[in-house]
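Take a look at the structure set out below.
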Amino acid sequence: MTDDLPHASTLQVMNCTQDCPCQSVHVWFYDDDGEPYAAACLLPHVARKIARDMSDAADLAEAVALKNEGRLS
């Protein structure tokens, strides 16, 4: 991955308040100092797709790391 992108040290996922008409999923990105630098407002079906993609990517990253360490063939 490129070093040009900011590194998120923390993410915060929140829902809208119950009276909000958009009922979206909000993701806040925080830097190493705890300052927010970006946010995403996602429709529920998009949030679910991203969650599945992130889980798959995390599984692959762990498998590659284990393979690189020689612990997985």
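By convention here, the first residue in the shown sequence is residue 1. These values consider heavy atoms only, across backbone and side chains, with no hydrogens, waters or symmetry-generated copies.
Through direct or relayed side-chain contacts under 4.5 Å between Ile, Leu, Val, Met, Phe, Trp and Tyr, Leu43 connects to Leu11, Val13, Val25, Val27, Phe29, Tyr37, Leu42, Val46, Ile50, Met54.
Neither side chain, Tyr30 nor Glu35, offers a donor N or O lying under 3.5 Å from an acceptor on the other.
Among all heavy-atom pairs drawn from Ser24 and Cys16, the shortest one is N-SG, 3.1 Å. Of all heavy-atom pairs between Cys41 and His26, the closest is SG-CE1, 3.4 Å. When all heavy atoms of Gln18 and Gln23 are compared, the pair lying nearest together is O-NE2, 3.6 Å.
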Inset, instruction - Give the intermediate values and the outcome of salt bridge (charged side-chain N to carboxylate O under 4.0 Å, His left out) for residues Arg52 and Asp56. - result: CA-CA 6 Å; Arg52 285 190 302 270; Asp56 291 347; over 6 Å; no

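The backbone N or O of Asp33 lies less than 3.5 Å from a partner atom in the side chain of Asp31, making a donor-acceptor pair.
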